[in-house]
A.B. asks: 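Below is a structure I'd like to ask you about.
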There are 2 protein chains.
Amino acid sequence: MGVSKPPNVNEPMCPSRLVLEHVTSRWGVLVLAALLERSYRFSELRRTIGGVSEKMLAQTLQTLERDGFVHRDAKPVIPPRVDYSLTALGEEAARQVWELARWTERRVQAVEEARVRYDTVREASQ
Amino acid sequence: MGVSKPPNVNEPMCPSRLVLEHVTSRWGVLVLAALLERSYRFSELRRTIGGVSEKMLAQTLQTLERDGFVHRDAKPVIPPRVDYSLTALGEEAARQVWELARWTERRVQAVEEARVRYDTVREASQ
DNA sequence: CTGGATCCAATACGATACTG
DNA sequence: CAGTATCGTATTGGATCCAG
């Protein structure tokens, strides 16, 4: 197999595992993928992603901002306007998760077929 | 930017979002990355990953097996011996998450520096 | 050894109401 | 508009015990 050593994320709570969990988190993936296309305002991003609550979006954005993936640009105007965009680091991460998201879309049918096989086999034997 | 359209995982509960959540789940990522290196037995995998409970490992493996990513080979011997390995589909997924894991490791220091900056700025202003 | 079953704690999440 | 605060629920995850 053409791979070298597996990453040593395999220690209980090493820092990189934490980072990995942030970028692969339920909403983290979707935020990064969306921001790869362009920058978004808060509500705009919320509508684009769909199904995310204000609370979780805010929380996700804060985590990603703290990790240095997302840049938050709050303009001092009324009504408030805040733009979110990717940093250089964030763009690297986003490209990875975006590839993963694309791959998932391409293969989702194969997965569904696998599930049918799995379920029918199990169902038959009980 | 060199990207086309973002994946339409951006609908509340589309099937591909589900699949994405499985492969990016906390333990899913680590299981796939580990199995990319070679096949593992249950306890062996548990030790290798570290910090995962029996319950969660079993659950993760079942999900990945149902999705067609993992092949489960239960040998009818006593004591029981079960080997887990990747299917072709699983290997594709594993390569993606493995790249992500590697990237995370390479960049973990940049993230930690970003966090320090974020925290010191916030701390100074309150 | 491989897991299923059960119980319990932590926390992820969503809905709503509220503020600058 | 862009969040924060609070609450209640749902899900996740771990520990333990048990069976084949």
Side-chain angles (χ1 to χ4, degrees), chain A residues 9-13 17-18 20-31 34-35 39-67 70-85 118 121-122 125-126, chain B residues 10-13 17-18 20-31 34-35 39-66 70-85 118 121-122 125-126:
Chain A
V9 279
N10 292 342
E11 285 109 47
M13 275 321 252
R17 191 182 282 192
L18 249 298
L20 194 57
E21 279 176 26
H22 291 172
V23 316
T24 65
S25 71
R26 183 170 184 189
W27 305 116
V29 175
L30 302 175
V31 166
L35 290 181
S39 75
Y40 279 91
R41 299 179 60 180
F42 186 85
S43 300
E44 201 181 21
L45 189 54
R46 188 156 124 78
R47 281 191 301 274
T48 300
I49 290 179
V52 60
S53 66
E54 291 182 3
K55 178 184 165 184
M56 290 315 299
L57 182 56
Q59 198 175 106
T60 302
L61 284 168
Q62 279 166 18
T63 301
L64 294 178
E65 189 196 355
R66 190 169 106 98
D67 283 359
V70 163
H71 173 66
R72 180 177 183 276
D73 182 21
K75 285 160 177 113
V77 296
I78 291 183
R81 178 190 177 100
V82 182
D83 286 288
Y84 291 94
S85 56
Y118 182 92
V121 169
R122 283 209 130 203
S125 66
Q126 56 103 330
Chain B
N10 291 342
E11 284 111 47
M13 276 321 251
R17 191 182 280 192
L18 249 298
L20 194 57
E21 279 174 26
H22 291 170
V23 316
T24 65
S25 72
R26 184 169 184 189
W27 305 116
V29 174
L30 302 175
V31 166
L35 290 181
S39 75
Y40 280 89
R41 300 180 58 182
F42 185 85
S43 301
E44 202 180 19
L45 191 53
R46 188 155 125 76
R47 280 190 302 273
T48 301
I49 289 179
V52 60
S53 67
E54 291 181 2
K55 177 185 166 184
M56 289 315 299
L57 182 57
Q59 199 174 101
T60 301
L61 285 168
Q62 278 166 19
T63 302
L64 293 178
E65 188 196 356
R66 190 170 104 98
V70 162
H71 173 68
R72 180 176 184 276
D73 181 21
K75 286 159 176 113
V77 296
I78 291 184
R81 177 191 178 101
V82 183
D83 286 287
Y84 292 94
S85 56
Y118 182 92
V121 169
R122 281 209 132 203
S125 66
Q126 57 104 325

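Lettering of chains follows the sequences in order, A, B, ..., and the numbering in each one begins at 1. Note that these values count all heavy atoms, side chains included, but never hydrogens, waters or copies made by symmetry.
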A.B. asks: I want to check one thing: is the phosphate of C:dT2, taken as OP1 and OP2, less than 4.0 Å away from some side-chain N or O of B:Arg41?
C.D. replies: yes
A.B. asks: Suppose the criterion is side-chain hydrogen bond (donor to acceptor under 3.5 Å, both in side chains): which pairs have a residue in residues 52-62 of chain B, not counting sequence neighbours?
C.D. replies: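 Listed once each, the pairs would be none.
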A.B. asks: I'd like to check A:Val70 versus A:Tyr84 (side-chain heavy atoms, cut-off strictly below 4.5 Å). Are they in contact?
C.D. replies: yes
A.B. asks: B:Leu61 has an atom CG; how far is it from atom C1' of C:dG4, in whole Å?
C.D. replies: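 Atom CG in B:Leu61 sits about 14 Å away from atom C1' in C:dG4.
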A.B. asks: Starting the side chain at C-beta, find the nucleotide from C:dT2, D:dG13, D:dA2 nearest to B:Pro80.
C.D. replies: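 Within the option list, the nearest is C:dT2.
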A.B. asks: For A:Arg46, which contact category applies under a 4.0 Å heavy-atom criterion: base, sugar-phosphate, or nothing?
C.D. replies: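 Contact class for A:Arg46: none.
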A.B. asks: Considering only side-chain heavy atoms of B:Pro79, which listed nucleotide, C:dC1, C:dT2, D:dG14, is closest?
C.D. replies: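 For the B:Pro79 side chain, the nearest candidate turns out to be C:dC1.
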A.B. asks: Within the structure, does a side-chain N or O atom of A:Tyr84 lie under 4.0 Å from either OP1 or OP2 of D:dG3?
C.D. replies: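 So the side-chain polar atoms of A:Tyr84 do come within 4.0 Å of the phosphate oxygens OP1 or OP2 of D:dG3, strictly under.
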A.B. asks: B:Glu21 CD to D:dG13 C1': how many Å, rounded?
C.D. replies: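 After rounding, the gap between these two atoms is 16 Å.
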A.B. asks: Side chain of A:Lys55, heavy atoms from C-beta onward: which of D:dT6, D:dA2, C:dT2 has the nearest atom to it?
C.D. replies: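 Ranking D:dT6, D:dA2, C:dT2 by closest atom to the A:Lys55 side chain puts D:dT6 first.
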A.B. asks: May I have the distance from A:Arg81 (atom CZ) to D:dA2 (atom P), rounded to whole angstrom?
C.D. replies: 8 Å
A.B. asks: Nearest whole angstrom, please: distance from the C1' of C:dG14 to the CD of A:Gln59.
C.D. replies: 12 Å
A.B. asks: Could you state the atom-to-atom distance from CE of A:Met56 to C1' of D:dT4 in whole Å?
C.D. replies: 14 Å
A.B. asks: Round to the nearest Å and state the distance from A:Arg47 atom CZ to D:dG3 atom P.
C.D. replies: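 So the two atoms are 14 Å apart, to the nearest Å.
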A.B. asks: Can you work out whether B:Glu54 or A:Arg72 has the more 5'-proximal nearest nucleotide on DNA chain D?
C.D. replies: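 Comparing both residues, the 5'-ward one is A:Arg72.
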A.B. asks: Using every non-hydrogen atom in the two residues, find where B:Ile49 and A:Arg17 come nearest and quote the distance to one decimal.
C.D. replies: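 Minimum heavy-atom separation between B:Ile49 and A:Arg17: O-NH2, 3.0 Å.
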A.B. asks: From D:dT4, D:dG13, C:dC1, pick the nucleotide closest to the side chain of B:Arg26?
C.D. replies: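 Closest nucleotide among those given: D:dG13.
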A.B. asks: For a 4.5 angstrom cut-off between non-hydrogen side-chain atoms, does A:Val31 reach A:Leu57?
C.D. replies: yes
A.B. asks: Hey, is the side chain of A:Ser53 poking within less than 4.0 Å of OP1 or OP2 on C:dA15, counting only N and O atoms?
C.D. replies: no
A.B. asks: Whole angstrom is fine here: how far is it from CD1 in B:Ile49 over to C1' in D:dG13?
C.D. replies: 15 Å
A.B. asks: Given atom CH2 of B:Trp27 and atom P of D:dG13, what is their separation to the nearest angstrom?
C.D. replies: 8 Å
A.B. asks: Less than 4.5 Å apart, any side-chain heavy atom of B:Leu30 and any of B:Val52?
C.D. replies: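 No; the side chains remain at least 4.5 Å from each other.
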A.B. asks: Among the candidates D:dG3, C:dG14, D:dG13, find the nucleotide nearest to the side-chain atoms of A:Ala58.
C.D. replies: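 Nearest to the side chain of A:Ala58 among the choices is D:dG3.
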A.B. asks: Please pick, from D:dT4, C:dG14, C:dC1, the nucleotide with the shortest atom-to-atom distance to any side-chain atom of A:Gln62.
C.D. replies: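 Among D:dT4, C:dG14, C:dC1, the one nearest the side chain of A:Gln62 is D:dT4.
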